[in-house]
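Working notes for the structure below.
On a predicted model such as this, the values are computed, not experimentally measured, just so you know. Computation of the quantities below employed the complete heavy-atom set of this structure, encompassing side-chain atoms and omitting hydrogens, waters and symmetry-equivalent molecules.
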Amino acid sequence: MSQVADSPPGIDLVSVDSQSPGREEYSTPAHPLELGLLIAGLDQEDSLDSLASSSFHSIASLEIDGGPVLSRQSEASTLKRDGKLGLNEYPNQNTVLIYGELINPDSLGPLSLKITPYYFSPRTTFLQEEVLVRTEKGEFYDGVMNPRTKKFETLVPLSHRPGYLSLFLGSRPLLEDYLVLPGDSIKVKLDLSRSVVVFAGKNKDFYEAQYALKRLDQRRVFDSPRQLIIPESSSLLSRPGSQEKIDYFRGRFGAELLILQPGKESLDYLIDQANKAEEILGPKLEMLDFFKAKLSPSEWDLLRAEVYGSFYYSIFSTFRKFHYPYVQNKFGAEDQESYGQRLVELVDSVGDLEFDYESKLISASFLDLELERLILTALWEKRSFIELVEENHSGELADRLQAAYLSNYLASHTGQEEILLNYLSQTEFSPWKDRIENLKRATIPGEVIEEAQLISLTGDTILVSELSEEPSLVYFYFSTCSHSASYFKNYLFPLYEELKSEGIKLIAISVDENPDLWKERISKYSDPSIPNYNLRGLSKERWKELYEITSFPRVMFLDSQSRIQSFDIKHLGETQDELLREFRKKFSDVITTKTNNTL
């Protein structure tokens, strides 16, 4: 990773070097308002999500007679509401019942859901739950007339506040990031033969409102031109026939390409979009007004925070990631001051938007927006992020912002241990403090590696603690990741061959859910001469969450007592010689101790 702009303490702006060896990241879905933005020259890596299998654990379905009444459950009354309550007044039943009907003519995969009780960042899975939903065939005596209809019902954990729920059919999202209310009972019909989603029940309007707002987002993306930021001198535009194609396709098929010059033209366009916020958001605000009488004030305010937060977040994040470095490095002093003033005024005006305190503690869009707003302020004023949080917020909201900042940007900092300890000392409330503690555990070496069950090639079970009594390189990968195969053959295995005479072992652990795939591809992604194991199911999910795994391959280094000496060694060198030299230098004590003990 390389720094692309001067940053004050607490802020690092980084760009990803796609040529770094052995790096494959989970892809982060583009924000709805960022879709269609193409930056020339940025390489896109294969999405890990499309390659790696998901592992779900099921929560026992409730047996319900005649629908959602829960007639055999003493706590039935807590799962339904008779009237509208504020966000702090829901029953102390930290679960959500989701049930209904599914018509799935294509059999695209199992029905599953993801519940996020607390949002920290797009990449972290901290405290998330994934559940495989069992379906059963509907029948005449249950009022099901369509023979293709299947029924489902699942009780999932939440918290005392609203969280987010996504429903998937295989890898296909049916409902994505819907706010759900604690103690609620959500009835939904999913008719995929007609592309119909219908909500019912006491709180149907809360979910129907979200469905309508999300559809307006999709309409705006579909009806807006795709942006290409590229200089006129680019070979992409000067190729024979390119201009003719642009002219031919303009206005056809509903899509259109908007070509902007990097610099003032593209930045003016972005600022103009921000200044037209009320016009652009008009349809969504009108939709909110339509539902206002059907929602509680707290529900309405929460959705309003989502609307404004998502829009301005896309503006600010696009500016910081793509325009800010250009302004700093390419603009003259006069233009820097002029554009800086325009952006400062915009950031200040957005800071004046008012939302309920509870909405600020729940809304993912508000958190993303406020994070960007404070980061930009820190950049301009050359101050630390945590200092600005202390000035602008207090209590649990300050803690939420601090945990979110570290969740997003800790990896881009040096001196991570000092940063974590500083943030921990200024964070009080759970789960935000718990999140930073988890980051500390996944960042600062020295602890014994978490226990997990592994499967051997013969099908036997072995614990991680039983792997080795010698210093070990532990290589985690999955068997469709080209980065893993390349890194192992070109960097890791050559390193091991240099070090094995000094008592260092190499152990390969695949995270494939398919054991046959793992065994078939060992010669390509690992080597038969070293110990090979498979980590899957709940042990894998726990390990990925505990150690903040967002990319593969991951190569940990453990000492002879299974204490983690490094969470990943890939950053030590970009050539074989550099990797070997820096590894010996960094872990000389471990290597020397082992060599002396052997002698």
Side-chain angles (χ1 to χ4, degrees), residues 18-27 43-56 108-110 112 125 130 170-171 449-450 452-464 466-468 472-500 504-545 547-558 567-570 574 576 579:
S18 62
Q19 302 304 313
S20 297
R23 192 182 71 83
E24 170 123 354
E25 294 197 353
Y26 287 104
S27 64
D43 294 328
Q44 296 295 322
E45 294 186 351
D46 291 338
S47 168
L48 177 62
D49 293 333
S50 66
L51 302 173
S53 301
S54 297
S55 173
F56 303 101
L108 297 177
S112 63
T125 60
E130 293 183 338
S171 60
I449 192 170
E450 176 83 358
Q453 288 187 343
L454 304 174
I455 307 299
S456 72
L457 286 169
T458 58
D460 297 325
T461 298
I462 184 172
L463 298 178
V464 169
E466 300 171 346
L467 286 180
S468 176
S472 300
L473 293 162
V474 184
Y475 158 62
F476 295 90
Y477 70 99
F478 65 95
S479 299
T480 51
C481 170
S482 59
H483 291 272
S484 294
S486 175
Y487 186 79
F488 182 84
K489 298 298 183 186
N490 297 325
Y491 293 87
L492 183 57
F493 199 70
L495 175 70
Y496 162 66
E497 290 185 313
E498 292 285 344
L499 294 171
K500 63 183 178 181
I504 305 299
K505 297 190 91 175
L506 174 58
I507 299 167
I509 300 177
S510 89
V511 295
D512 298 298
E513 288 298 316
N514 184 338
D516 294 330
L517 178 69
W518 158 53
K519 293 175 184 179
E520 290 168 2
R521 299 193 175 185
I522 282 177
S523 59
K524 179 177 180 180
Y525 291 89
S526 178
D527 193 279
S529 67
I530 65 174
N532 283 275
Y533 300 98
N534 181 231
L535 175 68
R536 58 182 183 263
L538 293 182
S539 288
K540 180 181 78 173
E541 296 307 313
R542 166 67 177 161
W543 178 80
K544 282 168 54 181
E545 178 179 307
Y547 296 120
E548 299 291 316
I549 303 305
T550 58
S551 64
F552 288 94
R554 170 69 67 95
V555 184
M556 289 184 173
F557 182 52
L558 311 181
F567 289 95
D568 202 354
I569 68 164
K570 295 198 303 297
E574 296 190 4
Q576 287 184 20
L579 179 59

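Remark: the backbone N or O of S510 is paired with a side-chain donor or acceptor of N534 at under 3.5 angstrom. Looking only at distances, no side-chain donor or acceptor of D512 sits under 3.5 Å from a matching main-chain atom of P515. The closest donor-acceptor contact from the side chain of K540 to the backbone of V511 lies under 3.5 Å. Within the 3.5 Å criterion, the main-chain N or O of V555 finds a donor-acceptor partner in the side chain of D568.
Taken to the nearest 0.5 Å, the CD atom of E513 stands 12.0 Å off from the OG atom of S479. Atom CG of N532 is separated from atom NZ of K519 by 11.5 Å, given to the nearest 0.5 angstrom. Taken from CD1 in I509 to CZ in R536, the straight-line distance is 13.0 Å, to the nearest 0.5 Å. Between the CD atom of E498 and the CG atom of L495 there is a distance of 8.0 Å, given to the nearest 0.5 Å. Atom CG of L558 sits about 7.5 Å away from atom CD1 of I507, to the nearest 0.5 Å. Distance check: Y491 OH to K570 NZ gives 12.0 Å after rounding to the nearest 0.5 Å.
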Problem - Full working for side chain to side chain contact (heavy atoms under 4.5 Å, CB included) between H483 and F552 - result: CA-CA 8 Å; H483 291 272; F552 288 94; over 6 Å; no
Problem - Stepwise side chain to side chain contact (heavy atoms under 4.5 Å, CB included) test for I530 and F493 - result: CA-CA 10 Å; I530 65 174; F493 199 70; 4.1 Å; yes
Exercise for the section: Evaluate the criterion side chain to side chain contact (heavy atoms under 4.5 Å, CB included) for residue pair I449 and M556; output intermediate values, then yes/no. Expected result: CA-CA 10 Å; I449 192 170; M556 289 184 173; 3.8 Å; yes
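Other residues, nucleotides and ligands contribute at most 12 non-hydrogen atoms within 6.0 Å of the NZ atom of K524.
Between L517 and T480, some side-chain heavy-atom pair lies under the 4.5 Å cut-off.
Between I522 and P528, the closest heavy-atom pair is CG2-N, 4.0 Å. Looking at every heavy atom in both residues, L467 comes nearest to Y533 through CD2-CE1, 3.6 Å. The shortest heavy-atom contact between S526 and Y477 is CB-OH, 3.9 Å.
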All N/O donor-acceptor pairs, side-chain side in residues 453-463, below 3.5 Å, sequence neighbours left out:
{"unit_1": "S456", "atom_1": "OG", "unit_2": "T458", "atom_2": "N", "d": "3.3"}
{"unit_1": "S456", "atom_1": "OG", "unit_2": "T458", "atom_2": "OG1", "d": "2.9"}
{"unit_1": "S456", "atom_1": "OG", "unit_2": "G459", "atom_2": "N", "d": "3.4"}
{"unit_1": "S456", "atom_1": "OG", "unit_2": "D460", "atom_2": "N", "d": "3.0"}
{"unit_1": "S456", "atom_1": "OG", "unit_2": "D460", "atom_2": "O", "d": "3.4"}
{"unit_1": "T458", "atom_1": "OG1", "unit_2": "D460", "atom_2": "OD2", "d": "2.9"}

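Q576 is linked by a side chain to side chain contact (heavy atoms under 4.5 Å, CB included) to P494, counting only residues two or more places apart in sequence or in another chain. With sequence neighbours excluded, the residues that form a side-chain hydrogen bond (donor to acceptor under 3.5 Å, both in side chains) with E450 are R542.
The six-membered or imidazole ring of F488 lies near that of Y475, with a centre-to-centre distance under 6.0 Å. With ring centers used as reference points, W543 lies under 6.0 Å from F476.
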